[in-house]
Amino acid sequence: MLESIRETWKNIVEQELKAYAEAQLGGDVQLPEVSAQTPPKPELGDIAFPLFAYAKAFRMAPPKLAAELKDRIEKIESRPAGELLVAGPYLNVRIDMASVATSLSTLIAEQKEAYGANASLSGKRVTIEFSCPNTNKPLHLGHMRNDSLGQSVAAILKANGADVRKVNLINNRGVHICKSMLAYQKFGGGETPESSGIKGDHLVGKYYVKFASWAKEDPTAEEQAQAMLQKWESGDPEVLALWEQLNGWTLDGLSESYKKMGISFDAYYYESETYKYGKDEILKGLEQGVFYREEDGSVWVDLEPIKLDKKVLLRKDGTSLYMTQDVGTAIMRHKDWPFDSLIYVVASEQRYHFQVLFYVLGLLGYQWANDLHHLSYGMVNLPEGKMKSREGTVVDADQLVDTLTGLARNEIIEKEREALVDDVDQTSSSIALGALNYYLLQVTPTKDMIFNPKESISFNGNTGPYLQYMGARISSMLKKYEDQEFSACHSLGFDSSLLTLSDERELIKQLARYPEVVEKAGSSFDPSLLCSFMYDLSKLFSRWYHDNPVLKASSNELIRARIELVNMMLQVLKNAFALIGIPFLASM
RNA sequence: GCGCUCGUAGCUCAGCUGGAUAGAGCGCCGGACUUCGAAUCCGUAGGUCGAAGGUUCGAAUCCUUCCGGGCGCACCA
């Protein structure tokens with residue numbers, strides 16, 4: 001909505017500038033393109049047109065030109081509502097916010113939870129892969145950034161009209177998986193999640209750690225693990241049974257964690273099934289002549305065209321590699337569900353891998369290879385430095401969620417709000433989730449981030465719970481508004497002209513901006529844009545709300561008008577929450 | 001060594017396609033609860049935007065060089 005108003009004004013300025021140039025300078029003068037910007041302060045208006053660039057052509061100081069343009073535009077009778085103001089070298093426009101508010105309230109009332117959604121990716125099928133855990137240990141903080149990002153970006157793309165399929169690839173084979181199996185076989189003593197009371201993924205993780213310490217004492221440990229892998233590959237029934245048992249435990253544990261964290265998938269792939277894929281594809285490529293064979297029989301791709309080296313795609317013994325697998329898996333997925341675009345949410349350390357993968361898929365001639373993305377995210381570090389599993393500084397996901405939940409619960413009890421919230425446990429974990437997702441999504445994905453446990457458990461300031469708190473207060477107010485004492489307001493219409501405060505104008509503007517932010521977050525795969533937007537919006541709202549009475553406003557008409565603003569606020573809050581994994585709470 | 005990436009307030013982060021005195025949060029100091037939920041709000045202090053050049057009317061933003069972090073450069077996944 002704001003977008004189109006901005007465009008309209010921009011066209012007018014452009015047109016008048018051109019007309020003025022013709023009148024003043026004659027002939028066809030080439031003018032730089034008009035740029036429409038946002039003034040730094042609300043008092044300066046809503047749209048700004050800097051005129052520096054035209055000073056030379058007109059041989060006129062920008063402020064004079066601004067005044068001249070203002071006069072000319074004000075003579076246009078069909079110009080849109082709004083006010084022009086000259087601010088030094090800028091020609092600014094103050095939008096008629098009352099009419100924006102009127103159409104916005106109609107729009108939001110109509111669209112409800114769909115407000116903000118747009119059709120920019122309509123008709124597009126997108127597969128997004130994320131999480132991809134190993135089955136030898138529980139999830140840690142690093143996975144959580146991945147999961148939050150994947151879940152959020154998937155939701156954002158849907159809001160942009162895409163048909164999205166979320167897939168998870170379970171890394172359930174390989175020597176690292178055998179290590180936990182081997183340690184369990186040797187030291188497990190038949191322990192099970194039931195007998196030990198330990199969650200399945202943590203139980204298996206315990207033996208993965210156990211392997212490491214055992215391997216320090218017994219130099220044959222690594223060999224034994226390799227031997228077990230061989231047995232697994234040859235289908236040894238005993239090994240397979242053990243493998244299935246432990247994998248089952250881990251997967252049960254992981255799905256419990258996913259559930260707790262609000263993560264879900266449309267399809268699961270298992271490496272045990274996909275690891276042989278890709279070989280045929282590579283051989284096909286060899287026939288097509290896009291790859292070549294070395295003397296020893298191995299197959300390679302030359303990456304010179306993308307300014308990289310060379311890469312092996314098949315070993316000399318004909319077995320496949322990580323790259324081979326990923327080529328095969330991508331093609332397989334496209335057969336399963338033909339997509340236009342495929343997104344991999346994977347840490348930035350694998351940039352090179354994906355550069356090669358995408359290039360190889362392109363060489364194989366697949367149309368969809370043009371729309372592959374590596375949503376590369378930075379590492380999650382601790383204030384002390386990197387997380388190191390060997391030093392035990394890895395932050396466990398389940399534990400973190402539990403800690404946060406406990407803190408939220410304490411907070412509810414301390415503030416004596418148990419009666420306010422209907423389910424203390426449910427509310428606590430929702431707050432924990434909101435805190436975590438917001439903390440993890442707040443930072444631009446590509447950047448490394450520091451996870452400060454102390455800060456992450458804070459519920460004040462720029463945090464998820466701060467946003468949730470706004471939602472709760474608004475809900476509480478709207479509930480009061482339903483009371484009999486406001487019945488006189490209920491029958492009134494919304495008079496947007498009563499919302500004249502500067503904060504009200506800013507709020508309306510921000511609410512109207514929401515769809516643009518959703519679109520931008522989608523095109524750049526960046527939930528952090530929504531986080532900033534939400535924080536700005538909430539901050540604006542709390543100040544307004546703190547300073548100005550709503551239910552106790554001076555007239556019924558004003559109450560009604562402000563309630564409309566509050567209603568819009570609540571809807572946008574809810575809609576955005578859904579995109580960044582913050583549970584909405586009517587009370588907390 | 002080569003490639004990618006980042007370097008903004010004490011700390012964690014914003015800063016849109018270059019534009020009007022560089023913004024938040026936390027922390028520090030100081031204010032505001034007979035008033036719609038104080039998990040809130042307001043104010044003070046705090047920055048030569050890693051450094052130096054360059055392009056431009058105008059640079060945190062674009063280009064070059066340098067310095068300093070991180071990551072990658074396996075017939076591992």
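Within every chain, numbering begins at 1; the chains are lettered A, B, ... in the order of the sequence lines, protein sequences first and strands thereafter.
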[N] [atom2] sits how many Å from [X] [atom1], rounded?
{"X": "A:E411", "N": "B:rA38", "atom1": "CD", "atom2": "P", "result": "14 Å"}
{"X": "A:E384", "N": "B:rU12", "atom1": "CD", "atom2": "C1'", "result": "14 Å"}
{"X": "A:N460", "N": "B:rA24", "atom1": "CG", "atom2": "C1'", "result": "15 Å"}
{"X": "A:L537", "N": "B:rU40", "atom1": "CG", "atom2": "C1'", "result": "16 Å"}
{"X": "A:I306", "N": "B:rC4", "atom1": "CD1", "atom2": "C1'", "result": "13 Å"}
{"X": "A:L65", "N": "B:rG19", "atom1": "CG", "atom2": "P", "result": "20 Å"}
{"X": "A:I457", "N": "B:rU12", "atom1": "CD1", "atom2": "P", "result": "17 Å"}
{"X": "A:K552", "N": "B:rU34", "atom1": "NZ", "atom2": "C1'", "result": "11 Å"}

- Message: When you measure from the centre of the six-membered ring of A:Y269, is the NZ or CZ of A:R333 closer than 6.0 Å and no more than 45° off the axis?
- Response: yes

- Message: Does A:R145 qualify as a cation-pi partner of A:Y377, given the criterion of NZ or CZ under 6.0 Å from the six-membered ring centre and within 45 degrees of its axis?
- Response: no

For [N], which nucleotide is its Watson-Crick or G-U wobble mate, given both distances must be under 3.5 Å?
{"N": "B:rC41", "value": "B:rG31"}
{"N": "B:rC36", "value": "none"}
{"N": "B:rU64", "value": "B:rA52"}
{"N": "B:rU21", "value": "none"}
{"N": "B:rC2", "value": "B:rG72"}

Can [X] be said to stack with the base of [N], given centres closer than 5.5 angstrom and planes under 30 degrees apart?
{"X": "A:Y535", "N": "B:rG25", "value": "no"}
{"X": "A:Y90", "N": "B:rA20", "value": "yes"}
{"X": "A:Y469", "N": "B:rU40", "value": "no"}

Regarding [X], tell me which of base, sugar-phosphate or nothing describes its non-hydrogen contacts under 4.0 Å with the strands shown.
{"X": "A:K41", "result": "base"}
{"X": "A:Y466", "result": "sugar-phosphate"}
{"X": "A:V443", "result": "sugar-phosphate"}

- Message: Measuring from the side chain of A:K520 (C-beta onward, heavy atoms only), which nucleotide among B:rC16, B:rA20, B:rC36 has the closest atom?
- Response: B:rC16

- Specify the glycosidic conformation (syn or anti) of B:rC71, with syn defined as within 90° of 0. anti

- Just wondering, more than 12 heavy atoms not from A:K509 lying within 6.0 Å of its NZ? yes

- Name the residue closer to the 5' end of RNA chain B, choosing between A:R473 and A:M449 according to the nucleotide with the nearest heavy atom. A:M449

- Note on the structure: Scoring nucleotides 70-77 of chain B by protein non-hydrogen atoms under 4.0 Å (B base, S sugar-phosphate only, - none) yields SSS--BSB

Indicate whether any N or O donor in one side chain lies under 3.5 Å from an N or O acceptor in the other, for [X] and [Y].
{"X": "A:S542", "Y": "A:Y466", "value": "yes"}
{"X": "A:S35", "Y": "A:Q37", "value": "yes"}
{"X": "A:N462", "Y": "A:Y438", "value": "yes"}
{"X": "A:Y322", "Y": "A:Q350", "value": "yes"}

- Message: With a 4.0 Å limit, can you tell me whether A:S376 has a side-chain N or O closer than that to the phosphate oxygens OP1/OP2 of B:rU5?
- Response: no

- Kindly say whether A:N168 contributes a backbone atom to a donor-acceptor pair with the side chain of A:S131 at under 3.5 angstrom? no

